[in-house]
Amino acid sequence: MSEKGILAVVSGFSGAGKGTLMKALLERYKEQYALSISATTRKPREGEEHGREYFFLTEEAFCRMIDEDDLIEHACYVGNYYGTPKQYVFDQMAAGRDVILEIEIQGALKVKEKLPETLLLFVTPPSAGELESRLRGRGTETEAVIRERLKRASEEAAYMERYDYLLINDNLDACVEEMHRLIQSQHRRTSQSQAFIGQMKEELKAMRESLES
Ligand code: ADP
Ligand code: 5GP
């Protein structure tokens, strides 16, 4: 019997490098991981595709998903709704793949509440100055949105301790490897290893019985 996959949530300040890290992790270990694609009411950025970066929905369609209980969680972030579709996540975990949700903090805490075994990872650049230069360097937001996201980052910092592990994204390559190691170490949790534990118990019981006879 194969073990169920791990559910890992990756959050962090906008511009911390989450998207870049995810892409590198998935390229390196594509058999192991499945990245959940969220639904959002945000408009696509240039180069983004429906069904690849996000499912871009109208507010009406998004609300329908909430009503039909199709989302594990949802939250509002800087004026737009974002949510995690349930089906894909549970299907992939059942197939033994480790599923990653790249979602903001309120959503992450809701997932942990619903599914306490979830691994929460928080990605941060090495300094606030580096965060600002990455966000500006990306060049995808207007000045007003950048300021909004930097202000939001200061509020988000209050929640860093609620996460299981901190990932400092300084050297990209090292950070990808660290993330991989942390997620893979979860496979050794006893709650995750029920099949192995069951078999070991049976083998030891049989051995004991043969020693006693
Ligand atoms: P997020 O998804 O967290 O908002 P992105 O992945 O879009 O962040 O990264 C923001 C910017 O920072 C991008 O321009 C990206 O190329 C750059 N970046 C990501 N990781 C690093 C890193 N380790 N060192 C330097 N720049 C990085
Ligand atoms: P962006 O607009 O930059 O793509 O994403 C904005 C924020 O929304 C990021 O912090 C991202 O992690 C978060 N986000 C993306 N998808 C989801 C989701 O399904 N649920 C929640 N709660 N947040 C999400």
Side-chain angles (χ1 to χ4, degrees), residues 6-30 32-38 40 42-49 52-54 56 73 75-84 98-112 118-186:
I6 302 296
L7 183 59
V9 168
V10 175
S11 306
F13 313 120
S14 179
K18 302 179 296 294
T20 310
L21 277 169
M22 292 298 94
K23 192 164 173 273
L25 184 79
L26 267 94
E27 269 166 16
R28 216 170 284 182
Y29 304 104
K30 52 173 150 322
Q32 183 69 42
Y33 295 105
L35 183 64
S36 160
I37 300 169
S38 296
T40 183
R42 161 165 90 59
K43 298 277 167 285
R45 293 185 189 125
E46 210 177 298
E48 285 183 334
E49 261 177 44
R52 192 179 65 191
E53 280 78 14
Y54 283 103
F56 295 100
E73 61 72 41
C76 190
Y77 178 89
V78 195
N80 292 300
Y81 289 107
Y82 296 81
T84 308
D98 298 334
V99 179
I100 304 184
L101 313 182
E102 192 218 305
I103 65 178
E104 56 67 69
I105 295 168
Q106 297 313 319
L109 298 179
K110 281 185 221 162
V111 174
K112 184 84 173 180
T118 306
L119 176 70
L120 296 190
L121 305 174
F122 194 94
V123 178
T124 173
S127 68
E130 177 65 16
L131 178 67
E132 183 177 5
S133 59
R134 283 188 194 172
L135 203 48
R136 290 190 190 287
R138 186 168 69 186
T140 48
E141 275 88 11
T142 61
E143 179 61 22
V145 173
I146 289 174
R147 292 168 72 94
E148 195 65 47
R149 287 183 177 217
L150 286 172
K151 279 195 269 175
R152 173 94 177 201
S154 146
E155 291 160 20
E156 288 174 341
Y159 293 91
M160 288 164 88
E161 284 107 330
R162 304 276 295 268
Y163 280 69
D164 296 313
Y165 294 97
L166 193 64
L167 279 170
I168 299 174
N169 177 21
D170 190 357
N171 176 292
L172 183 70
D173 232 44
C175 194
V176 171
E177 284 310 310
E178 196 177 359
M179 181 181 287
H180 178 62
R181 272 199 306 276
L182 282 172
I183 298 173
Q184 293 315 305
S185 70
Q186 299 304 299

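This is a predicted model, so every value here is computed, not measured.
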task: Check whether any side-chain heavy atom of L121 sits under 4.5 Å from a side-chain heavy atom of I183, and report yes or no.
output: yes

task: Side-chain contact test, heavy atoms from C-beta onward, threshold under 4.5 Å: evaluate it for L167 versus L182 and give yes or no.
output: yes

query: So do L131 and T124 actually touch side chain to side chain, heavy atoms under 4.5 Å?
result: no

statement: Which of R42, R149, Q106 passes side chain to side chain contact (heavy atoms under 4.5 Å, CB included) with Y77? It is R149

message: If the condition is ring pair (Phe, Tyr, Trp, His ring centres under 6.0 Å), which residues does Y165 pass it with, not counting sequence neighbours?
response: none

Would you tabulate the side-chain donor-acceptor contacts of residues 17-28 under 3.5 Å, counting partners in other chains and residues two or more places apart, or write 'none'?
residue : atom : partner : partner atom : Å
K18     : NZ   : G12     : O            : 3.0
K18     : NZ   : F13     : O            : 3.0
R28     : NH1  : E177    : OE2          : 2.7
R28     : NH2  : D173    : OD1          : 2.7

- prompt: Heavy-atom count around I168 CD1 within 6.0 Å, excluding the residue itself: above 12?
  reply: no

query: Does P44 have any side-chain contact (heavy atoms from CB on, under 4.5 Å) partners at least two apart in sequence or in another chain, and if so, which?
result: E48, F56

- prompt: Is there side-chain contact between Q32 and Q184, with heavy atoms separated by less than 4.5 Å?
  reply: yes

message: Other residues, nucleotides and ligands only: do more than 12 of their heavy atoms fall within 6.0 Å of OH on Y81?
response: no

- request: Give the minimum heavy-atom separation between N171 and A174, together with the two atoms involved.
  value: OD1-N, 2.9 Å

statement: Shortest non-hydrogen pair, A16 vs N169, comes out as O-ND2, 2.9 Å

message: With a 4.5 Å cut-off on side-chain heavy atoms, are M179 and V10 touching?
response: yes

- prompt: Is the shortest heavy-atom distance from the side chain of F122 to the side chain of Y159 under 4.5 Å?
  reply: no

query: Can you check whether R136 reaches I146 side chain to side chain, under 4.5 Å on heavy atoms?
result: yes

statement: All heavy atoms of E104 vs all of G107, minimum pair found to be OE2-N, 2.8 Å

- request: Would you give the length of the straight line joining atom OG of S14 to atom CD of E141, rounded to the nearest 0.5 angstrom?
  value: 5.5 Å

- prompt: Got a second to check how far K112's NZ is from T118's OG1, nearest 0.5 Å?
  reply: 6.5 Å

query: Should E53 and R45 count as an ion pair when the cut-off is N to O under 4.0 Å?
result: no

statement: Between the CD1 atom in I100 and the CD1 atom in I6, the distance rounded to the nearest 0.5 Å is 11.0 Å

- request: Compare all side-chain heavy atoms of M160 with those of L166 and state whether any distance is below 4.5 angstrom.
  value: yes

